[in-house]
Amino acid sequence: MTRMIGLGAAALMASTSLASAETVRWARAGDSLTLDPHAQNEGPTHTLAHQIYEPLILRDMTGELQPALATDWAVSEEDPNVWVFNLRDGVTFHDGSEFTAEDVVFSFERAQSETSAMKELLNSIVEVRAVDDHTVEFVTDGPNPILPANFTNLFVMDKGWTEENGVTAVQDIAAGETTYAATHANGTGPYVLESREPDVRTVLTQNEDYWGQGEFPLDVTRIEYTPIQNAATRVAALLSGEVDFIQDVPTQDIARVEGTEGLTVKTAPQNRVIFFGMNSGAEDIEGDDVDGANPLADPRVRQAMNMAINRDAIRQVVMRGQSEPAGMIAPPFVNGWTEALDALPEGDLDQARALMDEAGYGDGFSIQLDCPNDRYVNDEAICQAVVGMLGQIGVNVNLNAQSKAQHFPLIQNKTTDFFMLGWGVPTYDSEYVFNFLVHTPTDDRGSWNATGYSNPEVDAMIESLASETDLDVRSQTVADIWDTVQDETLYLPVHNQVLNWGETDSIDYPSVDPDDQPMFKYFTID
Amino acid sequence: MLSYILRRILQSVIVLLVVGLVAFSMFRFVGDPIEQLLGQERTQADVDRLREALGLNEPFVVQYLGFLGRAIQGDFGISYRQARPVAEILLERAPATLELALVSGIIAVVLGIALGVFTAIRREGFAANAIMTVSLIGVSLPTFLIGVLLIWFFGIGIEIPVPWGDGTISTKLFPTFGRGEVVDLGWWTTGLLTESGRASLVLPAITLGLYQMTLIMRLVRSEMLEVLRQDYIRFARARGLKARVVNFRHALKNTLVPVITIIGLQLGAIIAFAIITETVFQWPGVGLLFINAVQFVDIPVMAAYLMLVSVMFVVINLIVDLLYVTVDPRLRIDGGTA
C-alpha cells in the first residue's frame with residue numbers, strides 16, 4: 001500500500017513537472033558568433049549572452065535601464081570622477097561559485113584588454129577597484145555622467161572559472177586562437193547552457209538558483225535556439241508549428257502570419273535609423289561628372305536632395321508600411337531627439353529644383369551611390385527608389401549595390417562620396433551619434449564620419465559632452481550640435497526600421513525590444 | 001595502367017594548385033573580413049592591428065603560400081567567424097552534406113535509369129508521355145523554387161477534402177528545416193537512424209536530386225532509343241531472345257558510357273547544388289557553412305572548402321575514367337598508353 005502511494009506521488013510529480021516545463025523553440029536569421037562575452041560586439045551574440053550572463057545594469061525589453069548584478073549606483077560624493085556601484089548579494093554563478101566584487105573588477109579589466117571588442121565603450125575608465133566584496137568603484141579620466149549606460153552589454157564572468165580554464169584573456173582570432181570560453185559558458189543569468197552546436201542548435205535550461213526567481217515571470221524553462229537564415233524557411237517553420245517564436249518576419253509575410261490562426265506578429269520601432277551620407281568636405285570628388293568642383297559641398301544641393309527624397313512613398317511602396325520616416329539620424333528613444341528635429345524636410349520638388357538652379361546645377365550632375373544589399377531591410381530597393389527620386393531634380397545617380405562585406409570598407413576607407421548607412425545607438429544618447437558620425441576623424445572619434453565634414457567648434461562641443469556634469473548645460477549642447485547638423489544637411493535621413501517578431505498566441509512579453517534582443521526571463525506563457 | 005593512374009594524379013595536383021591560386025586571388029573581391037570582425041565602435045588603430053596580425057596586407061601570393069604550407073601539415077587555420085579550427089568544423093559538417101548527397105544521388109540514379117528505360121521501351125504509351133511532360137518541371141524549375149514549393153506543400157501543408165474520416169487530410173508530412181535528431185557515432189553523425197532524421201531528409205533529398213534524376217532519365221531515354229534502332233538489336237530480336245535480355249543485357253549496357261560520365265559529373269554538381277538546397281532547408285552541411293563564410297569573408301573556411309571541393313571533383317573524374325575502361329572493353333587495349 002505504501003508502495004502504491006509512493007508510485008502515485010511520483011507519477012503526480014512527473015506530470016506537474018511536465019505541465020510546467022515550457023519550452024520555447026526560437027529562430028532568428030543569425031547565430032551567436034561566440035560564447036565569449038567580450039570577443040564580439042554584435043547583436044545576435046549579445047542576445048544569446050544575455051540569457052546566460054548578466055551585466056551590472058541592463059535595458060529591459062521596453063528600453064528602460066534596470067538593475068541586474070548591481071542594485072544601485074551613483075557618482076561618489078567625494079570625487080566626481082568616481083562612480084560607485086553596489087552589487088547584489090547572494091548571487092552565484094552556474095557552477096555554484098559566489099559572485100563578488102572581484103569578478104566585476106576582473107571582467108571589466110578583461111573587457112578593456114587589447115583583444116576585447118568591448119573596450120571602446122570603456123575607454124574613459126582609468127581604474128576599476130573593489131572597495132569591499134559588494135562595492136565597486138569606477139574611476140574615469142574626468143566626470144562621466146552617462147557611464148552606466150555603456151555597461152548594458154558588459155557581461156560579468158567568474159574570475160575563478162576563467163583562471164581554471166585558461167581563458168583570462170579574450171580570444172584573439174588574429175593569433176589563430178580558439179578558447180574554452182568560446183564554446184563554454186558560466187554566467188549568473190537566468191538560463192544555463194545545456195548544449196550548443198554552432199549554426200545548428202543551442203539549448204538552454206532555466207537556472208533553478210537564479211537570484212531573480214520570484215521577481216521575473218521565468219515561465220520559459222527551456223529554450224531551443226535554431227538559426228534559420230532563409231526568411232521563407234523561417235516563416236514556414238513558424239507556420240508549420242516547428243518553432244514557437246521568430247525574429248525578423250519579412251515585411252511581405254506579415255499578413256500571412258497574422259492571418260494564420262494561433263499566430264501573432266508584434267511590431268515596434270527598432271533602434272536603427274537608415275540614412276545617406278555625402279562627401280561634403282572634399283574640394284572635388286571622383287564619383288561625379290563635375291570637373292574641378294564638388295556639387296555636394298554646396299549646402300543648397302544637399303537641401304534639394306533632402307527635399308527630393310519622398311519618405312512616405314518609400315514607406316508605402318518599398319517598406320509596405322513597415323518603417324517610420326525620419327528627419328534626423330537618431331531614433332526616438334535617444335536622449336536629444338525632439339519631434340521638431342525629426343520632422344520631415346519641408347519643400348517640394350519645385351523648390352528643390354530652384355535650389356539646384358541657384359547652386360548652379362540647374363542641368364543636374366551625375367554621381368555614384370554606394371549601397372549594401374544584404375544588411376538592412378530592403379536596402380537595395382530603398383536605394384533604387386532614391387535613384388528615381390533624385391532623378392526628378394536632375395541628380396543622375398548610378399547605383400552600386402553590393403554585399404555588406406564590400407560596402408562597409410568604402411565607408412571605413414572614406415572612398416565613397418554618397419553612401420547608405422544604418423546606425424543604432426546602444427547608449428541611447430546623442431553623444432554616441434556625434435562621436436562616430438559628426439566629429440572629425442581622429443584616433444578615438446569620428447571613425448564612421450565619411451562626409452569629410454570637420455568643424456573644430458562642433459568637435460569641441462562634442463568633446464565637452466563626455467565630462468559635462470550639469471545635465472541642463474549638456475542637453476543644451478546636444479541641442480546646439482543637432483541644430484548645426486540639421487542646418488548643414490550633413491546627412492539625408494530616410495527612416496527608422498521597424499522590428500517584427502512572430503509567435504504563437506500563448507507567448508507574450510512586455511514589448512518588442514528596440515535592440516532586437518529578446519530576454520526570455522521576461523516572457524510569459526499562457 | 002599504373003603509369004596512367006600516376007600521370008592522372010600528377011595532373012590532379014597541378015589542377016589543385018591552380019584552383020587554390022585562383023581562389024586566393026579572388027578573395028579580395030569578396031570584401032574585407034575586418035568589418036565583420038570588429039564592431040561598430042572599432043577605431044582605426046584596431047583595424048590596422050588586426051589587418052597586420054591576420055596578414056591581410058600581404059600580397060595574395062604570399063597569403064596563398066602560407067596557407068599551402070600550413071595545409072600540407074594538416075592545419076587549415078581558425079575560422080574568423082566561429083573561432084574554431086576549420087578542419088574540425090568541416091569534419092563536423094561533412095556527414096550532413098554527404099548523407100544528403102548520397103540519398104539524393106541514389107534517388108536520381110535509380111529512378112532516372114528506371115524511368116529512362118521505361119519511357120524508351122514504351123515510347124508511345126500514355127504513362128511514358130506523362131512522365132516526359134512532368135520531367136520538364138524538373139529540368140526547368142530552379143532548385144530554390146522547388147525547395148520552397150515542397151516546403152509550402154509538404155512542410156506547412158494544405159487541407160484536402162476527402163469523403164471519409166474527418167473530411168480532410170493534411171499534406172503536412174515532413175519537417176520544414178534542419179536535420180532532425182542525429183545519432184553521434186563519434187566520427188560521424190547520422191540522421192538515418194532516427195525517425196525524425198529520416199523524415200527531415202526527404203524534402204531536401206528530393207529537391208537536390210530532382211534535376212539530376214530528370215537529366216539522367218532523359219539521357220538514358222534518348223541513348224536507349226538510339227541503341228534500339230541499331231542492327232544488332234534487331235538481330236537479337238530476330239534470334240528470338242527474350243525482350244528483357246535484349247533491353248537490359250544488350251541495349252542498356254551499351255547506353256551506359258555517356259550515362260556514367262554524366263552521373264560522375266553530376267555527383268560533383270549535387271554537392272555544389274547542395275549549397276542552395278542547404279540554405280533553403282537550413283541543412284547543417286558544408287554548403288551552408290560556405291555561404292556563411294562568403295557573407296562573413298571567412299577566408300580560412302572558404303579556402304579549405306574550395307580545396308576540398310576541387311579534390312572531390314578530381315577524384316570523381318579519376319574514378320569515372322577508370323569506370324570507362326571497365327564498361328567499354330575497347331578502351332582496355334590501349335589503356336596503358338592513352
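Naming convention: chains lettered A, B, ... in sequence-line order (proteins, then strands); numbering from 1 in each chain.
Each of B:Thr279, B:Val148, B:Leu50, B:Asn292 has some count of heavy-atom pairs under 4.5 Å with chain A, and the biggest count is that of B:Asn292. Your options are A:Ala117, A:Pro227, A:Ser403, and the one with the most heavy-atom pairs under 4.5 Å with chain B is A:Pro227. The residue among B:Phe281, B:Phe29, B:Trp283 with the most heavy atom pairs within less than 4.5 Å of chain A is B:Phe29. No other option in B:Val297, B:Val47, B:Val30 has as many heavy-atom pairs under 4.5 Å with chain A as B:Val30. Annotation: maximal heavy-atom pairing with chain B below 4.5 Å, among A:Asp36, A:Asp374, A:Leu121, A:Thr34, occurs at A:Leu121. The greatest number of non-hydrogen atom pairs below 4.5 Å with chain B, out of A:Arg234, A:Glu242, A:Gln171, is found for A:Glu242.
With a 4.5 Å cut-off on non-hydrogen atoms, B:Gln295 touches chain A through its backbone and its side chain both. No part of A:Pro441 comes within reach of chain B, as not one of its non-hydrogen atoms sits under 4.5 angstrom from that chain. Heavy atoms of B:Leu37 lying under 4.5 Å from chain A belong to its backbone as well as its side chain. Proximity to chain A is limited to the side chain of B:Trp152, based on heavy atoms less than 4.5 angstrom apart. Looking at A:Thr226, the atoms closer than 4.5 Å to chain B (heavy atoms on both sides) all sit in the side chain, from C-beta outward. For A:Phe436, the part lying under 4.5 angstrom from a heavy atom of chain B is the side chain only. Proximity to chain B (any heavy atom under 4.5 Å) is shown, for A:Glu114, by both the backbone and the side chain. Proximity to chain A is limited to the side chain of B:Ile151, based on heavy atoms less than 4.5 angstrom apart. At a 4.5 Å heavy-atom cutoff, the contact between B:Phe144 and chain A is made by side-chain atoms alone. Within the 4.5 angstrom heavy-atom criterion, no atom of A:Thr442 approaches chain B.
For CD of B:Glu52, the number of neighbouring non-hydrogen atoms (other residues, nucleotides, ligands) closer than 6.0 Å is 12 at most. For B:Met26, the CE atom counts as loosely surrounded, since its 6.0 Å shell holds 12 or fewer non-hydrogen atoms of other residues, nucleotides or ligands. Summarising the local packing, CZ of A:Arg201 is surrounded by 12 or fewer heavy atoms from other residues, nucleotides or ligands at distances under 6.0 Å.
Within residues 175-185 of chain B, the residues approaching chain A closer than 4.5 Å by heavy atoms are, in numerical order, B:Pro175, B:Thr176, B:Phe177. Of all residues in residues 194-211 of chain B, none places a non-hydrogen atom less than 4.5 angstrom from a non-hydrogen atom of chain A.
Proximity of a side-chain donor or acceptor of A:Thr233 to a complementary backbone N or O of B:Val280 within less than 3.5 Å is detected.
Side chains of A:Thr115 and B:Arg49 form a contact here, defined as non-hydrogen atoms less than 4.5 Å apart.
The two residues B:Gly155 and A:Ser240 come nearest to each other via the heavy atoms O-CB, 3.3 Å. For the residue pair B:Ile156 and A:Arg256, the shortest heavy atom distance occurs at CG2-NH2, 4.2 Å. When all heavy atoms are compared, the tightest approach of B:Gln82 to A:Pro198 is OE1-CB, 3.7 Å. Taking each heavy atom of B:Gln282 and A:Asp199 in turn, the nearest pair found is NE2-O, 3.9 Å. B:Leu288 approaches A:Gln229 most closely through the heavy-atom pair CD1-OE1, 3.3 Å.
Comment: B:Asp32 does not engage A:Lys404 in a salt bridge, judged by the lack of any side-chain N to carboxylate O separation of less than 4.0 angstrom.
Rounding to the nearest 0.5 Å gives a distance of 10.5 Å between CD1 of B:Ile291 and CG of A:Asn230.
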